[in-house]
Every structure is written in structure tokens, then in C-alpha cells.
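When reading the values below, keep in mind they use all heavy atoms of this one structure, side chains included, and skip hydrogens, waters and symmetry mates. Chain identifiers are assigned alphabetically (A, B, ...) following the order of the sequence lines, protein sequences preceding nucleic acid strands; residue numbering begins at 1 within each chain.
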Amino acid sequence: MTDISQNTPGPEGSHAGSLLQQSDRTRKRNAAERRFRGYGIAAITVGLLMLAVLVFTIVSRGTGAFQQTFITLDVELLESKLDKSGTRDLDAIKKVTTFGYAPLIKNAVQAKVVELGIETDLKAKAMAGILSKNAAAQLRAYVLENPDQIGETVTFRFLASSRVDGYLKGRVSRDSIVNDKSISPAQLDLVDALVTAGVAAKTFNLDFITGADASDARPEAAGMGVSMMGSLFMMLVVLALALPIGVAASIYLEEFAPKNWLTDVIEVNISNLAAVPSIVFGILGLAVFINYMHLPMSAPLVGGLVLTLMTLPTVIISTRASLKSVPPSIRDAALGVGASRMQAVFHHVLPLAAPGILTGTIIGLAQALGETAPLLLIGMVGFIASNAPETLADGLLAPNSAMPAQIYEWAKRADPAFYERAWGGIIILLIFLVTMNTVAVILRRRFERRW
Amino acid sequence: AAARDQVQVAGSSTVLPYASIVAEAFGENFDFPTPVVESGGSSAGLKRFCEGVGENTIDVANASRRIKEKEIKACAENGVTDIIEVQIGYDGIVFANDIKGNAFEYTPTDWFLALSDEILVDGKMVANPNKTWADVNSAFPAQNIQAFIPGTKHGTREVFEDKVILAGCEATGAFEHLLEHAEGDSDKAKKKAAEKACISLRTDGKSVDIDGDYTETLARIESNKDGIGVFGLAFYENNTDKLQVATMSGVVPTTESIAEGEYPVSRPLFFYVKKAHIGVIPGLKEYAEFFVADEVAGPDGPLAEYGLVADPELSKTQAVVSEEEVIGGNS
Amino acid sequence: MNLMTALDKDVQTQKTKIAAKNVNVYYGESHAIKDVNVEIEDNTVTAFIGPSGCGKSTFLRCLNRMNDTIDICRVTGDISIDGEDIYDSRVDPVQLRAKVGMVFQKPNPFPKSIYDNVAYGPRIHGLAANKAELDEIVEKSLRRGAIWDEVKDRLDAPGTGLSGGQQQRLCIARAVATEPEVLLMDEPCSALDPIATAQIEELIDELRNSYSVVIVTHSMQQAARVSQKTAFFHLGNLVEFGATGQIFTNPEDPRTESYITGRIG
Amino acid sequence: MNLMTALDKDVQTQKTKIAAKNVNVYYGESHAIKDVNVEIEDNTVTAFIGPSGCGKSTFLRCLNRMNDTIDICRVTGDISIDGEDIYDSRVDPVQLRAKVGMVFQKPNPFPKSIYDNVAYGPRIHGLAANKAELDEIVEKSLRRGAIWDEVKDRLDAPGTGLSGGQQQRLCIARAVATEPEVLLMDEPCSALDPIATAQIEELIDELRNSYSVVIVTHSMQQAARVSQKTAFFHLGNLVEFGATGQIFTNPEDPRTESYITGRIG
Amino acid sequence: MPTVWLVIALLALSGLGFVLGRNRALASAGGNAKALHSLPAYYGHNVAFSALVPALAVLAIWSLAQPMVIENRVSAMIPAELVPENSTLGLVMSDVRRLAEGLDLAVEQGVLSPTDARNLDSGETDIRARLGEIGVALGSDVRPEVLTAAQSYRSLANKGQIIMSVIVGLLAMVGFAWAYGRTHKDFRARNVVEQGIMALLILAASLAILTTVGIVFSMLFESINFFGLHAWSDFFFGTTWAPNFRGDSDLSILPLLWGTLYISAIALLVAVPVGLFAAIYLSEYASGTTRAFAKPLLEILAGIPTIVYGLFALLTVGPLLVKFFGQGEDGILGVEWMSGATSVLTAGLVMGIMLIPFVSSLSDDIINAVPQAMRDGSLGLGATKSETIRQVVMPAALPGIVGAVLLAASRAIGETMIVVMGAGAIAKFSLNPLESMTTITTRIVSQLTGDTDFASPETLVAFALGLTLFVLTLGLNVLALYIVRKYREQYD
Ligand SMILES: Nc1ncnc2c1ncn2[C@@H]1O[C@H](COP(=O)(O)OP(=O)(O)OP(=O)(O)O)[C@@H](O)[C@H]1O
Ligand SMILES: Nc1ncnc2c1ncn2[C@@H]1O[C@H](COP(=O)(O)OP(=O)(O)OP(=O)(O)O)[C@@H](O)[C@H]1O
Ligand SMILES: [Mg+2]
Ligand SMILES: [Mg+2]
Ligand SMILES: O=P([O-])([O-])[O-]
């Protein structure tokens, strides 16, 4: 025996030396170990640091969107303007368009200015310019709801225009508006006076979270709510289809399919689908779901179907990888007591593979939630300001947008106020994502075990 | 399949803001649902427009250029024959740089000399040697040339090439020179080759194609103060706190100067309506009429306020819509 | 206890339960079982002995088609149980395996609770009408597996957290819980102490009353103690098969003899 | 071969290699090893015997800190090797495990080729200067593991495609290839036939010349044959520890006696 | 909504089938479950599925087919004169449909009685206005022919609905009866049910094939059109990519392919090491709590919209790189290698960050699934943890890790926003990672959403690019499959 220890070269003193003293080789190996571990920590740190930077950027730019400036005014709903005939006939009242409501608003601002004794050389139209264009629509909607109020004076809380809002948020300053045609220093003076009088104030804006998109002319009125519903319904479709179909396909391919060229083709095919640019799925969706199957355009159902096709490869690849990693002895054990292969898979293998399946689902859904390109072709990107859906069918079929599409649209718009809303929208998207993931993450932890 | 009850619009992202302002007001003032206005580009919009007639196709295509003959033909092949062309106004294209930077007064020549791949020096075409704007025009400061121009996907690029680069090419005499030395069987082919040579831009990083939107151009200027970008007028007007606009051939771009034809760089904007859908899709005709109504598209309307250069001949357009006049004759 | 005691056990002939004819098994290129013919009788304990790597486990796995799960494994020849060819395409391997239970060489408990490990088989075969009956089956099986006392207080603990020998007995309990007609046991006592071994051997003897048991073992003594028939494998060949007494006292083949006499353990 | 032959082997006292004092091990709540004190000598084979589940493997794993890998496992007390506390914070478990090798109860070959399985240890410890030397180490180790002849033609085949007993011997070969000073073997012959067992026992005897070997076994005969010292565990307690001869012929504790005499295998 | 009721009835029937089937099986075995071939529940499932699945399938097919049949029948009734020139029958039919649905809705809401609805006269009532009241907008006033068509549409639909209900109901009964009749203690219910499940599994797997076929077909025709307009030799072997509005553009895939490979390679160079080390740390070193938090946190990186990454590249990473590699004397390294913020490196780095969780999370799961016995075996030989991981755990986890990396690579190839904003839009061959380049995918998106005439090669090239990319990645995947097959190590 001794001959062996003599034969063996150098560092084998290592076994012989004191345990409390590391041999040279051990020290070297431990250094490698520490480096390796260090790489791990560094990797995590890099990842988390980047996340922190991104989240910080998002939050610092986006929180402003959750507040909005409102101006409270008393508007006299003049019969002469709104219902000349005086019959309160709804059809007649409807004939007055929002343009017809502008004078009422002008009057209301002017009245307020006079009431508060603010001095200004502004014309009434310019004074009303500090209000959002949404004001007239708000007024008209109110009158159509309550025709009996015509002739009365009603108190309204109007949105301020985006420049005014930006002024109160510090985005707009007197220096920055030198060349701006939409607002003048005199208007800002007026705003200052209104703020002092407590008529104009910045408050939390629930409409941003629940409302629908607004046109480029009124960023202050735009909200994420409806597109959030769009995303929600799409995610429901994706979850309801991609997870079961993906898992079923993986089970077949990994556990049952004979190993031959055909299944190889399918396998390669599926990984290849993952590399197909997402917009191509949009092309497919347009061709199959809209042109061929005549499903409605801009519908979350179609969006969900397209995203399902896009997510499937992710779910399948991760599910197959986890199924593969379950030791064969588990299957043997089950088969050995007379379980069918189906039973062995569903009772034993699948639960053990669940963490990986859930990871695939988390990543797939995250990807689907943030995807815009395929939606472009099936009509979910653009200006889609529908009402919030009321029923499931409505939610699936009525035209709607999605959160990333909404954010993408906002980020392109000219008014810088939309820029803030885009970041605010990203905050909402991330909260949505984290909420969605939490369930899966908790589930995944319950399934994790080593054997 | 349930019947569709809202107007479905798709196409140009340049027209999108205007269309969405109209759609929003339309939804507020009419009993019809708010039309859906998709973005995705003029070409994609027209393509879907031309896919056929029926509920699963769009009713209106927005475009920042006129529909092409080939497209009309493709449309017809799919049964889309009666197309109403509606010109809504003009889009001004402006050159702007950082508000704190130098002010510029350009001519097309300056841009040609700054960005062209090759310029005419002493009767020969040589690789563009200009590094700063001072090299281009001694009246300019010695600021590095860094232009952010629309990528080849954008219609704006075509306008930029035609109205600025090509104009500059001709003004410097380079075009003539190129035409002389051009290869080709016919005059037409020669002209084409010369034009192609004119508009080929340098690829050494001085000229950067922007594939995204004006917000991206703006972001690039913010991160590179030397940058000069090409913007839509409406975009510039909303961002006067960050950008200063340059004059072109001595004219300041405004809605008025463009409407009067003084400012050279602009392009018409359109939307196309599928006549077959009128009377079938609820609110389609009303939408089209509302779009071009005086109180909407007129010089004092919300569109002009937002930056659209109103069409001086709006009444003609209104007639086209109410008469449902289609391209290539009446029906 | 001495080897001889086993040899004068009565060796009465029973009806054939499993008949294997010209069985060959290949792992890819390599020929692991060579032309084996054997008849395993009902109500009999058959021992497979032979040097490590000679193909005992491989052959055992053929008997309930567990080899199906190994991709590269190919089986030829006929194996029939109660006269029915088990490799017939109409045969449902699941039903076969419910009938022919197996205890694997390497203990492989499910990563589930001890209770669920044992209850799994009865559940999928519907052997218990209700929870109480299932509890009963589990307890009975664990008792038969000689492990009840050690685990009765921790039936909810994972089966993978048991000691090696405990896992082995758990797997035995799991196998008997489904009441198979034939039980294949691949070295069931390899990790057991003498007392536990004795208990398992008792179990085997008890099982013989109603079932047929095939056991792979390296212990000649064990083979002699529990089996009525013995098969000796060598390099993939079935060298000799016969009554245990005869094999141990009067082997026909010289290889058998040298293996038996070279015995130490 | 009979038990007695082993008992008159010379039991000379060697210097203490491993000393365990008041060792307690807990798996979560459950107390698996209770206050064990033992001294394992150099150049000696020490056998751990005791009923299944009594804590042999657990205690064995304490000796090279393999218990560290089980989350819920907690060890208290002192264990020292050559007078150095192995649970000292300065001790590097890696160096410790290089010095104290281990063969696990369940064979666990790596999913690599047979060659790589054996070469793995020498490679990480830098025992071979070149390929030729490594080849030599691998061959020698496989020979010592009594498996060379069976695998020499398929060194590139995966270690996981071996039979149970072959895997076990591969794991033994893998452990001896790193030349540890102490070798802990948890039932190294459980899946081996008598001839292979004899070869492994020979190896153990040979190893004793330079090293210290601890072996867990369920076979009293094996313990008597190969060990000089024997420790008997029961329910987590070290009931008795002493010269093998004395333990087997004249146990002090009644529990030891009843275990030994209740022996069967 | 009678269809809903029909479905509910079917579900109820199949629920009943479950109970009855189960009971009958038990009864046939004299109440002794052990005498059954399969578990009692399988008999229940068999009856339930037999009652439900064919009926539901017919219901689905019928629901899809009925409108088409009715449409055909009704449109045959519409006189050709009624179809305005240049319109189509289809459009008139949508009018008919909308009117029919409006009338149904009116009846449902009680605005019209069923008889009134049936006897409407377009001359007498202003149907458009009445329907307008309940929120159904019609495009134009109702013509009598359209009204007649709509009425027959309604009656046909009604009839169809009734016939369908009967047929589906009958089918469910038959399925029920058949399966129920077969239910006997020796009936191999489990096998039958499992065959059914297997059919579903196969169906799910074939969906992937269908998708592929769909993708290929949706791009094939336009690609053929493209090659009709543009020389294939230029597309495959040319060296310039320069689309322009005048036509006659250079449209070669090669510079795009180069950009794609370059940017993806850099992204993977970031994501794979970081992701793998993160996975290793999480599964092998980190404490339970660290892992519980760090892993989901990293996963958020995959869900941040790519536009944010794009802006991050443009506004933060790009300028930072310029500070290092650009700006000449003023820069940190004092070199002038980089002229703008957009570069291959910018996009690659940022994309790499986005891809970290693709590698880390999945690999972590796979590494975690490697049996502890493997680690013990290695540690027991005196290997350090890192040696164990590198030489034992990772090879065993290889197939899964390759899968994760492939997923990340796929995503890198398919990404647009980050490339557009981070790498620029210039197609060129260059080895310098500090220059702008672009990728195939971004060109697909940009040509597809651009302003060039949609029938021109400049737009159609998008389809050719898509198809070629599809074939290229297919090759890549075949390679990956081959590698995994070759190096796979199976534990146990
Ligand atoms: N990972 C674990 N988690 C919880 N309990 C355990 C674990 N491993 C072992 N035990 C328990 O600790 C006790 C001692 O187990 P150990 O494995 O040491 O027994 P052993 O003496 O080796 O038995 P055998 O001869 O069966 O291998 C047993 O009761 C066992 O159930
Ligand atoms: N999965 C496999 N792939 C390839 N060869 C295998 C496989 N399983 C076993 N073998 C080989 O087949 C032969 C027979 O193996 P088997 O497991 O049947 O032996 P055994 O008699 O059970 O031995 P042991 O007593 O050691 O368990 C051996 O040479 C073995 O190496
Ligand atoms: Mg074996
Ligand atoms: Mg043990
Ligand atoms: O989107 P555009 O067509 O206007 O560039």
C-alpha cells in the first residue's frame, strides 16, 4: 500500500498535513471555490442591481402620472345654449356638440376669476385654455344624463390642461414656454392665483388607473384602466390555453412519443418556434384568426390566441426540460406497483416537474404581457378608447388595447405629458406582473424539493 | 360572428394623432361607438384596407402619402374598387436641434453637403469630407455634423430626400454632373441612377437613421447635443422647451407658412374610405364627414391647434366626402 | 442455522406460473441475457443467484416488462404468465405489473410521505373502499415489511428521509400492499440487519402460500433458507435451474459448483 | 468459514485516528445519535453494526462532515482526527473529505463514463501528472474494486448503465482512487456476490496496512472477518465498543448479546 | 343564450353519467371495487366523456357551420340587383346579420314582442330608429328586401338552433347509453380513458406543427411574390441593405444576418454567464430566503417592457459607453472609437440583461432537480462545491440548460425594440462592436410597418426575411439537438 503513496506525486502531502492548515493545493482550490462563489454573487448582484436601476428609473419618472391637477368651477348650464326649444327633448339636446359647450366653460372661468378678484388681461378663451379639452365632454355627458339640471348652476371638477398640470408638477416652467403656443405666462399667473385660492389643486388621480385612453390633444385625461382589462383578458386566454396545451404537448413528447424522426422534427420545430420574431405571430394571427376565421379585429380574444401561440414554445421547452430532470427511478417505482404510464406521469413526474413548468409559465406570461409587436397587426395598437368591458364576452370580443401597446403609443406621442404617463403605465404593468407572478412563485416554492 | 358596430381605422402613425382627436370627439358627440384607430404605418394600413370588402376588413386607411397605382390595382384584385380619397391637410417637416445649441438657417444645399455620400468638388465626385457644419457653410458654427434623419421606413424620409437632399444635389450641380456620367439605356434610367446617387447618404455615423419615432429622435438629441433632427411640426410645437427650429431657405415653419406654400418641406396627409362599407358600417360616413368638417379640420379647429396644416381647399374635400366621390371617376 | 436444514424441505411440483422460452435481452449491442428458458411455479419461492453483473436483475425486469422503460433494452423470446404471452400486443403492461409486483434493487421511495408511499398502489388499484380500509392496508403492509414500529409515529414524514434499510423495507411494504400474484424481489434484504432479514424471509414464506415469489439474492444461505427452486445465472446464461436442495448439494454444472463452493458469506 | 477464525486475530492497540466525544445528531426534532463516544484507531478496521435505522450511517457521515449537506441535520459534540477538531471553523471540509473518503450506502455513480467516475477524484486532487499516470490509477483502482475485468472493455460506457453490484464496486474503486487516510464504507458489499465480497474484504485488509477503515455491515460474519474493533449501535446509542473478538464472544451489554445471538445471516 | 343552456345541460348530463357509470360498474362487481378492472372513477369518466366530448365537438362544429349555411341560403334569396355595384353580397349580408341580431336583441330586451318582430314592415316602422334606441346602430335605412332576408335569417337561425339542440342532445344520450351499456366490471375503462387523454396530448403536440405550417404558409406566398420582383441572388448573396422609396433597392440579407448574429452573440455573452452563475448561486449556495426573493425578483427583468430597455439603452447605457470609448480626449479612456450612443455593444449589453432570467430561472430549476446523491458522491471524494457543480451537476443538468440558453438565444434573435433604440438602423458588415448595426427582426418589423408601397419589394422583403430567418434558426436548433443528444448524461 505504501508504494502507492510513494508513487503518487507531490501535493499528496495534502491528506497527511494538519486539517487546520490548508495545503497549498487546497488553498488554491479554495480560492477557486471562492472565486466561483464570487461569480455567483456577482451575477446575482448584477441582475438585481440592474433591476434596481430600472425600477428606480421607472418609478422616479412615472409616479407623477398618478397625480393630476383639477380645477373646481361652477358652471351655469344655460338653457339658451343647450336646449333652445326648452322641451328637454333628448334628441334636441344631443344636437349640441361639445363645441357648443365651450362658451359655458368660458363663462364659468370668467365668473370664477371675477369672483376671486384676480386681475388678468386674458381673454375668456385664453382663460378657458388652462382647462382640459375634456371639460366640454364631461359637461355634455353630465347634461345628457341629467337634462333636468339645464338652467341650474352645477359645481364641476375639471381636469387642468397638460401644460398647467406640468407647471404644478415642475415639468413646465416660465422659461420653457417661451416658444410654446399652447400656454402663456399670463395663463400661468392665473393658475398661480387659482392655486392660492384653492380652486386648482393637484390630487391623486384614480382615473389614470381606471380610465381609458384619450387623444393626443388631452393627455391629462388618458388612463390605463381599459387597456389593463385588455391585458387581463388576454392573459386569461393565454393562461387557459398555453399552460394546459404546453404541458400536454410536453408530456406527450417527453413521456410517450416514440423516439423517432417524427418526434425529433416536432421537437426541433417547437424550439424553432421560440425563435420566430413575435411580429410573425401577428402576421399569422391576422391571416388565420381574422381573415380566415372571421374573429373580430382588435379583440383581446385574438390577441390572447396570438400570444398563446407565441408563449407555447416557452412553456413547452421549460416543461420538457423539467420532465427530463425527474430521475427515471421515480417512474420505475410507480410502474413497479402497477401504475400506468399515464398515472406515473400525472401522479409523480408532473408534481416533481412543477417548479420548472411554473417557471416557464412565469417567463412566458411575462413575455406575453409585455409584447406589442404581434398586437400591431391584429389591431390592438393605436387609439382604442372603448368603455371598460362589462361581461366576459365583451371583455374578449370588444375592441381593446393592451398595457404594453398603450405604453408604446404614449411613448410616441408628442406632448411630454404622455411621456410621464408612459412611465406611470409601466409602473402599473409591473405591479400587474408582480401580482400575477406571486401566485405562481408561491406555488412553485411549494413544489420544490430535492431527492 | 356578431356584427361589428364601430368604425375601424388603421394606418399612418403620422395621421394617428389627428384621427384619434377626431375619433374621440366623434364618440363623444354621436351615438356611434368611438372608432378604433390603429397605428402601424401607411403601408400596413393600406394593405389591410385592400384585403377585401367585408366586416373583417378595415373601413378607413390613414396614409401620410398618396395611394400608389400598384396598390389601387392590388385593391381592385381583392374587390376593393371604390375608394374615396380624402386629403385632410399637410404635415410640416422641420429641422430642429437642442434649445441651448446654435441656431441654424439652412438651405437644401447645406444638407446635401453635410449628408451626401459624395459631393462635387472641383468637378469631381469625392467622398464627403465635411466634418463640421462650418465645413459645409462658413456661416455656420464649427459644430460636428450629427444628423438624426428618419429611417427608410418612414414616409418622411422620402420627402426629406426629395425636397431637401435632391434639391441640394441639383443646386450644387452635382445632379448634372451625375447625370452626365450616369450609365443607362434611356434618359429615364440615367435620371434614375443620378437620383439614386444623389440621395445615397454617408454611412460613417454622421447621418443616423431613426427607425423609431420623433420621441426617439428627441431622446438622441438629448443624449448628443450636437444632434440635429428631423421632426413633424406638431411634435416640435409640443416640445418647444427642448428644441429650437431652424429655418429652411429663410422661412420659419409654421402652420401658416406651410399652408401658404412658403415653407418647402411638407407632405399631404390622407385617409381613404371604402365606399362599399358606407351604409353598412354604422357611423362610417358620419365619421368621414365629421373629420373634414370646418369646426374640426378647419384652421381654428382642434386639429390645426394640434399642429395639422389645414388644407386651404377644405371645402372641396368636404364635397368629395359628402358626394362619395371615388378615385378615378364617379359611381 | 445451517445450510442443510433447508435442503430437506419438501419440493413438490406446482403448476407453472411463469414460463420463459428462449429469452434474449440486449442493451444496445451488448447481449445481457442469452437464450434463457425457465419455468417459475406457483406457490413457490424461486431464487436467482449468480455473480454480480450476470443478468439477474435484467431477467427479473423482463418478467413484468419493466425493461420497457429502458430505451436501449430489447427483449426477444416468449414469456408467458398463466399461459398468456406477456409480450403480446394485446397485453396491457399495467395490468401485468399490477399482477407481477416488484421490489427494486436500489430502494426508490417516492418523495412523498411514508403513508402515501404505501397507499399509492392500493389507491390506484382501488383496493380500499374508504380511508379506514386504506389505513388498515397501510398498517398491515408496513407490518409485513417489518417497519411499522419504526415509522408508525411519523407516517407523514417523507419516505426519502429514512435510513437505507428502512427505505428498502418501505419499498417491500409498498410492493406487498398491492397484493400482486407474483412478487419479484431484487435483493430485498441487502441493506437489512439479521433480524429484519428474518422478518422479511418470514414474509416471503408467508407470501408463498398464496403467491409466487422470485427473489434475487447473493446470500447462498438466504437462497437455501427461503427458496424451493434456484436458478443460477452466469454471464447471461442460465446455467442451472432446479430444486434448491439439489442445486446446493448436487449441482450438475461445474460452474454452479464452483460458485457454490467458492462461497464465503 | 466460521466465526471463530476471526476472533483470535491479534488485537493490538494502535494510535487513535478519530476520536468522537459526546456526539449528538438531530434530524430536525428527532434525535438520531445520542451522546456517542468512540475512538477509532489507525491501521485498524472498525465495524459498525446494529439494527437498521439505528444511526450507523448517520454517525459515519459525521466523521467526514457529509452531514453538512443535509439541511435539517445538526451535529453537536467533538470529533477530532489526529487530534484536530473537524468541526473547528478553520477546518476545510473539502480537505477533510479528501482525507476521509466515503463509500455510500446507495451506489451513486456519476452520470459519466466509468473511466471518468474513477478518474474524477485523482483529477481534482491532482494525483496524476499526466494521462498515462491517470490511466494507471484508474486501472489500479478498478482492480482493487474487483471490477476491472468486467469493465475494462467498456471504460467509456456510462457508470449508470452498470448492474447494482457493479455500481457498488465502481463506487469503491472511485473512493480508493483518491487514496484517503481513512475510508468510511457504508455497507460496501450489500449488493455483491460472495466472490466479489471476498475480494473487497481482501482490499479492506490490505488498506488497513496504511490506513484506517470504518465499515458498516449487517453481516456479523463479515464484521468478524475483517474488523479488529466493533461498535454496536442501538436506537442511536453506542451500546458497546471493543475488540471484535470480545464483542462477538463475550459481549458486556445484554442488548449486544441479544443482537449477536439473534443473528441469522 | 340557448347554447349556454345546452352546454350546461351537457355538463349536467356528463356529471350524471359519471355518477351512474361509476355506480353501475360497482354494481356489476357486486359493490366490490376490487373486482373491477379499473378504479370506479374511470368508469364514471368514461361515461361522462362519452356523453360530453362528441356532443361538444358537434356543437362546436355546428356553431361554426350554421352561420355559413344560413348565410348561403339567405344570400341566395337576395336578388342580384340589390347588391350595389362594387359592393359585395357579403356586405349586404352583414347588413342582414346586423338587422337580424338587432331584432333578436330588441325581443330579448322586451322592446319588441316576438310577433311584432316577426311582422315588422319596413314601410311602416322606422326600424333603424327603433333599433337605435336599444343601442344597435345600423349603417343605413332598412330596405324591404333586407328585412325579408333578415327575417328568414332569424327563422333559419332559430330552426338551426332547435335542430342542433336536438342532435347534440341525442348524441349525448347515445354516447351516454353506449358507454353506460359497456360499463361492466371487466370493461377496461382506464385504458379507454387513458387513450382519450392520450389523444388530447397528441392533439396538443400537433398544434405546434399546425402553428409552424401556418407560419410558413402565411409568409410563403408573399415571399414568392417578393422573389418575383427582386433577384434572389441579390437577396441571398448581395452585400448591401439599402431600401428606398424609388424602388430598385439593394435588399440583401447578409448584412442583417451579420448584425443579428453579432448582437445576439453579445447578448448571450452577457446573459449566459450571468444567468448561469446566478442559477448556480441560487440553487447551490444561497439560503432559502435569498433564493425565495432573488429568483422572482430576477424574473421581473423578463417582464419589463422592452421599450423600457430600449430607452435604457439609448439614454443610459449608450452615453455611458460613449464616455468610455468615445469623446476623444474628454472620454474616460481617451479614445475616439465610438461616435454615437447606438452600437452593437449597447444593444447587446441591454438585451443581455433582459435575458438573464431566461437562463437563470430555468437553469436553477433544472440544477435543483439533480439528485442530491450525485452531489454527495462528489463531495465525499473531497471535491469542493464548485468542482462538484462544474463537473457533476452541470453535465447532468445539461439538456435543461441548453434548453434555457436556446430560449434566450431565440428571444435575442426575435427582439426588436432594444435593437432599434440601442443598435441603430444601419445595416453593415463590421467587426467593431462600437458601431451601429441592425438585425433581421427589426428590419421585418420596420419594412412591414413602414410607408413603402405594400406591393413593392421593399415591403414584401419582410416576408422573405421572416422565412429565411425561420429556416436559419431551424438549422441552429437541429445543431443544438445534436449537441444535447451527444453530451447528455442521464443520472439514476
Ligand atoms: N435525511 C434524514 N432526515 C430525517 N431522518 C433521517 C434522515 N436520514 C436518516 N434519518 C433517520 O435517522 C435514523 C438513523 O438513520 P441512519 O441512516 O443513520 O440508519 P442506519 O443505521 O444507517 O440504518 P440502515 O442500516 O437501515 O442504513 C433513522 O431513524 C432514520 O429514519
Ligand atoms: N441500463 C443498462 N445499460 C447497459 N447495460 C446494462 C444496463 N443495465 C445492466 N447492464 C449490463 O447488463 C449486464 C447484466 O446486468 P444486471 O443488472 O442484470 O446484473 P445483475 O445480475 O443484476 O448484477 P448485480 O448482482 O450486480 O445487481 C451487466 O453487464 C450490466 O453492466
Ligand atoms: Mg442487479
Ligand atoms: Mg444506513
Ligand atoms: O406611419 P407613417 O406612415 O405616417 O410614417
Side-chain angles (χ1 to χ4, degrees), chain B residues 1-5 12 31-33 40-44 46-47 50 53-55 64-65 68 70-71 73-74 79 81-82 146 151-155 157-158 161 192 195-196 199-200 203-206 208-212 216 219-220 222-224 275-284 331, chain E residues 67 84-88 90-95 97-102 132 135-141 242-249 310-311 314-315 318-319 322 339-342 417 420-421 424-426 428 435-436 438 442 445-456 458-459:
Chain B
R4 170 154 71 82
D5 54 9
S12 165
D31 277 339
F32 301 106
S42 307
S43 183
L46 284 169
K47 180 170 173 134
C50 290
V53 167
E55 263 185 335
S64 51
R65 59 170 170 84
K68 301 258 160 82
K70 251 206 273 178
E71 291 171 324
K73 235 176 81 197
T81 45
D82 288 356
Q146 180 69 75
T152 49
K153 65 173 268 199
H154 288 292
R157 172 65 167 262
E158 190 176 13
E161 285 173 358
K192 219 172 166 186
E195 278 179 354
K196 193 173 170 189
I199 59 163
S200 74
T203 55
D204 56 359
K206 300 258 179 247
V208 173
D209 281 12
I210 303 294
D211 239 18
E216 191 192 336
R220 297 226 183 194
E222 276 175 358
S223 74
N224 184 346
K275 188 175 173 193
H277 283 197
I278 290 180
V280 179
I281 301 298
L284 176 54
S331 75
Chain E
E85 198 183 337
N86 300 319
S87 181
T88 57
L91 268 183
V92 178
M93 278 311 298
S94 36
D95 222 8
R97 224 169 31 238
R98 188 175 291 108
L99 180 58
E101 275 162 18
V136 176
L138 295 182
S140 53
D141 284 329
N244 74 54
F245 289 90
R246 290 179 174 69
D248 194 21
S249 320
L311 289 170
L314 186 61
L315 299 178
V322 172
S339 58
T342 49
M417 220 55 194
V420 165
M421 301 185 101
I426 295 176
K428 65 175 153 201
E435 284 187 39
S436 294
T438 189
T442 53
V445 176
S446 119
Q447 293 316 112
L448 220 51
T449 59
D451 286 351
T452 41
D453 154 10
F454 67 74
S456 67
E458 285 76 22
T459 303

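Of the atoms belonging to E/P243, heavy atoms from both backbone and side chain fall under 4.5 Å from chain B. In this structure, chain E has no heavy atom under 4.5 Å from any part of B/L284. Using a 4.5 Å cut-off between heavy atoms, B/A219 contacts chain E through both its backbone and its side chain. Of the two parts of B/K47, the backbone and the side chain both hold a non-hydrogen atom closer than 4.5 Å to a non-hydrogen atom of chain E. The contact between B/S64 and chain E is made entirely by side chain atoms (from C-beta outward), counting heavy-atom distances below 4.5 Å. Of the atoms belonging to E/L314, heavy atoms from both backbone and side chain fall under 4.5 Å from chain B. For B/I210, no part lies near chain E; criterion is any non-hydrogen pair under 4.5 Å. Both the backbone and the side chain of E/S446 come within less than 4.5 Å of a heavy atom in chain B. Heavy-atom distances place the side chain of B/K192, and not its backbone, under 4.5 Å from chain E. When heavy atoms are compared at a cutoff of 4.5 Å, E/T438 does not approach chain B at all.
A distance of 7.0 Å separates OG1 in E/T342 from CD1 in E/I426, rounded to the nearest 0.5 Å. One finds the OG atom of B/S42 at 10.0 Å from the NZ atom of B/K153 (value rounded to the nearest 0.5 Å).
Between B/G283 and B/F32, the shortest heavy-atom contact is N-CE2, 3.4 Å. The shortest heavy-atom contact between B/V53 and B/A276 is CG1-CB, 4.0 Å. Of all heavy-atom pairs between B/D211 and B/G151, the closest is OD1-CA, 3.9 Å.
Remark: B/E158 pairs with no residue by the salt bridge (charged side-chain N to carboxylate O under 4.0 Å, His left out) rule, at least two apart or across chains. Here E/V445 pairs with A/I279, E/T416, E/T449 under the side chain to side chain contact (heavy atoms under 4.5 Å, CB included) rule; sequence neighbours left out.
Ranked by heavy-atom pairs under 4.5 Å with chain E, the first of B/E195, B/R220, B/H154, B/H277 is B/R220. Here E/G450 is the residue among E/S456, E/A455, E/A100, E/G450 with the most heavy-atom pairs under 4.5 Å with chain B. Annotation: maximal heavy-atom pairing with chain E below 4.5 Å, among B/Q146, B/K196, B/K206, occurs at B/K196. Of the listed residues (E/A425, E/A242, E/G310, E/G318), the one with the most heavy-atom contacts under 4.5 Å to chain B is E/A425.
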Stepwise side chain to side chain donor-acceptor pair (under 3.5 Å) test for E/T459 and E/Q447 = CA-CA 5 Å; E/T459 303; E/Q447 293 316 112; 5.7 Å; no

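Using a cutoff of 4.0 Å between basic side-chain nitrogens and carboxylate oxygens, B/D209 and B/R157 are scored as salt-bridged.
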